[in-house]
Novice: 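Below are the structure tokens for one structure; questions will follow.
Every chain is numbered from 1 and lettered A, B, ... according to where its sequence line falls, protein lines coming before strand lines.
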Protein chains: 2
Amino acid sequence: MATKTRENPVAVESDSVTRESILLGAARLFRHHGYAATTLREVADAAGIKAGSIYYHFESKEQILAEVLDKGILSVIEAVRQRVEALPPDAKARDKLAAAIEGHLWGLLHHGDFTSANIRIYGQIPLAAKNRHRKIRREYADYWDALLDEALRRGELRPDIGTTISRLFVIGALNWTVEWYNPQKGSFEDFVKQITTIVFDGTFVKE
Amino acid sequence: MATKTRENPVAVESDSVTRESILLGAARLFRHHGYAATTLREVADAAGIKAGSIYYHFESKEQILAEVLDKGILSVIEAVRQRVEALPPDAKARDKLAAAIEGHLWGLLHHGDFTSANIRIYGQIPLAAKNRHRKIRREYADYWDALLDEALRRGELRPDIGTTISRLFVIGALNWTVEWYNPQKGSFEDFVKQITTIVFDGTFVKE
DNA sequence: GTCTATACCTCGATAGAC
DNA sequence: GTCTATCGAGGTATAGAC
């Protein structure tokens with residue numbers, strides 16, 4: 001991930017170890033206590049420094065929030081894109097969506113502090129932070145809508161359910177798994193398989 | 001809802017208008033800003049009184065939190081029980097679960113500030129508050145597990161997916177609808193029908 | 001039952017030494 | 001690059017008048 005704060009011509013690197021450590025600690029604290037309840041003294045503590053030192057790396061608490069939110073959604077987007085684009089363009093919609101689901105779950109669950117923080121606190125952050133983050137969320141939603149529209153055109157998706165409601169329901173359901181997924185109760189692969197089955201074919205047996 | 005703070009023999013009524021107004025305002029503020037970020041001055045403002053006056057009705061901010069959380073989940077539990085128990089005991093599992101889904105969505109979406117506050121902030125509240133609220137959550141989960149187990153025994157539910165994972169996935173997905181449901185885009189009945197279809201039979205057409 | 005006034009605490013952020 | 005010290009603002013909660 002390249003920095004946004006400086007624009008050096010060569011080898012951009014504001015990613016010091018301390019900086020990353022601040023972000024990770026902040027993500028974990030935001031996830032479990034919320035944004036407002038998390039103090040910069042706690043964040044500093046988690047990173048092994050004192051509160052004042054944070055301001056060498058970040059301009060404000062809100063800037064930390066912005067980067068935590070971005071890291072969360074970008075983890076997911078990157079994993080999804082990677083898997084979907086590995087398929088041939090004419091692959092079946094079912095296979096593309098399965099790849100998207102697997103990618104979404106992988107990014108979500110392998111960066112749990114960032115993704116859970118994003119999901120949990122997005123509805124509660126200052127309006128300015130929300131506005132800044134809205135665009136990337138919109139882009140990710142559009143990506144899914146395109147996948148679902150394609151599936152609908154090919155006759156693979158139920159025509160009696162709108163693609164918008166499908167997308168909202170499915171992404172919401174997937175996102176919430178970060179609240180209850182337990183890696184000790186079976187492999188990630190099995191988990192993905194079960195979730196994908198429910199999303200595609202439901203919980204009931206076919207008649 | 002009867003009060004918990006007093007135990008009068010007859011006609012328990014600590015539910016003054018002001019008290020209810022404080023709870024509703026607090027629920028809305030908790031929902032949109034989180035628990036820690038919400039100040040008692042704001043809660044008082046929403047109720048049309050001054051901050052100090054809150055302490056005539058509540059012992060502390062945490063007591064307000066506890067009552068908001070309870071109201072949220074109890075709205076849902078009551079609606080679900082009502083609908084399921086209106087069916088004959090030998091009704092098909094599919095019908096019982098449809099009733100449970102409809103009840104869950106009804107309670108959830110008709111008390112949005114309380115239910116959304118509950119869902120959004122549960123992961124972020126002080127540990128003491130979490131411990132106090134855990135029991136009722138467990139009871140509601142057990143209720144669903146019993147419904148799903150019955151459906152499985154009757155051969156209506158997919159045997160290749162555990163009832164625990166089904167319950168976690170379905171309740172999580174239903175809960176998240178409070179974040180995006182828009183009553184202006186179609187009737188509640190249609191909404192329930194579409195959600196129920198996805199949960200039972202999935203998003204794809206049957207082969 | 002609600003008010004005003006205030007005690008006491010902790011927050012985000014800044015300044016300047018090292 | 002991190003520290004200590006501190007500012008001003010705003011938090012929960014309490015006390016006592018009305």
Novice: How many Å lie between CD1 on Ile54(A) and C1' on dC3(D), as a whole number?
Specialist: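 After rounding, the reported distance stands at 13 Å.
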Novice: Closest approach to the side chain of Tyr56(B), judged atom by atom: which nucleotide of dG1(C), dT14(C), dC3(D) is it?
Specialist: dG1(C)
Novice: Identify which nucleotide among dT14(D), dT2(D), dT14(C) has an atom closest to any side-chain atom of His57(A), counting heavy atoms from C-beta outward.
Specialist: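 Minimum distance to the His57(A) side chain belongs to dT2(D).
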Novice: Would you kindly give the CD1-to-C1' distance between Ile49(A) and dC18(C), to the nearest whole Å?
Specialist: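 Taking atom C1' of dC18(C) as the reference, CD1 of Ile49(A) is at 17 Å.
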Novice: Kindly indicate whether a cation-pi arrangement holds for Arg158(A) with Phe204(B), taking the cut-offs as under 6.0 Å to the six-membered ring centre and within 45° of the axis.
Specialist: no
Novice: Report yes or no: is the cationic atom of Arg138(A) (NZ for Lys, CZ for Arg) under 6.0 Å from the centre of the six-membered ring of Tyr143(A), at an angle within 45° of the ring normal?
Specialist: no
Novice: Does Lys61(B) place a side-chain N or O at less than 4.0 Å from the phosphate oxygens OP1/OP2 of dT12(D)?
Specialist: yes
Novice: Hey, can you pull the residues of residues 31-43 of chain A with a non-hydrogen atom under 4.0 angstrom from DNA chain C?
Specialist: Thr38(A), Thr39(A), Leu40(A), Arg41(A)
Novice: Measure from the side-chain heavy atoms of Thr18(B) and tell me the nearest of dT2(D), dG12(C), dT2(C).
Specialist: dT2(C)
Novice: Looking at Glu20(B) and Lys71(B), is there a salt bridge between them, counting it only when a charged N and a carboxylate O are closer than 4.0 Å?
Specialist: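 Between Glu20(B) and Lys71(B) there is a salt bridge, with a charged N closer than 4.0 Å to a carboxylate O.
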Novice: May I ask you to check if Lys61(A) and Tyr35(A) form a cation-pi contact, with NZ or CZ under 6.0 angstrom from the six-membered ring centre and within 45° of the axis?
Specialist: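 Ring-cation test returns yes.
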Novice: Figure out the CD/C1' separation between Glu59(A) and dT14(C), and round it to whole Å.
Specialist: 14 Å
Novice: What is the distance, rounded to the nearest whole Å, between atom OH of Tyr55(B) and atom P of dT2(C)?
Specialist: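 Checked: the OH to P distance equals 15 Å.
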Novice: Between Ser53(A) and dG1(D), is there a side-chain N or O to OP1/OP2 distance below 4.0 Å?
Specialist: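 Indeed not, no polar side-chain atom of Ser53(A) lies that close.
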Novice: Quick one: Leu65(A) CG to dA13(C) P, roughly how many Å, whole number?
Specialist: 12 Å
Novice: I'd like to know if Glu62(A) pairs up with Arg132(A) as an ion pair, taking the criterion as any Lys NZ or Arg NE/NH1/NH2 lying under 4.0 Å from an Asp or Glu carboxylate oxygen.
Specialist: yes
Novice: Just how far, in rounded Å, is P of dT10(C) from CG of Asp45(A)?
Specialist: 15 Å
Novice: Write down the distance between CD (Gln63(B)) and P (dA13(D)), rounded to a whole number of angstrom.
Specialist: 11 Å
Novice: State whether Ser60(B) places a side-chain N or O below 4.0 Å from either non-bridging phosphate oxygen (OP1 or OP2) of dT12(D).
Specialist: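 The answer is no; no side-chain N or O of Ser60(B) sits under 4.0 Å from OP1 or OP2.
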Novice: Would you verify whether the NZ or CZ of Arg167(B) falls within 45 degrees of the ring axis of Trp180(A) while also being under 6.0 Å from that six-membered ring's centre?
Specialist: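 No.
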Novice: Does Phe30(A) have Arg120(A) sitting over its ring (NZ/CZ under 6.0 Å from centre, angle to axis within 45°)?
Specialist: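 Arg120(A) over Phe30(A) ring: no.
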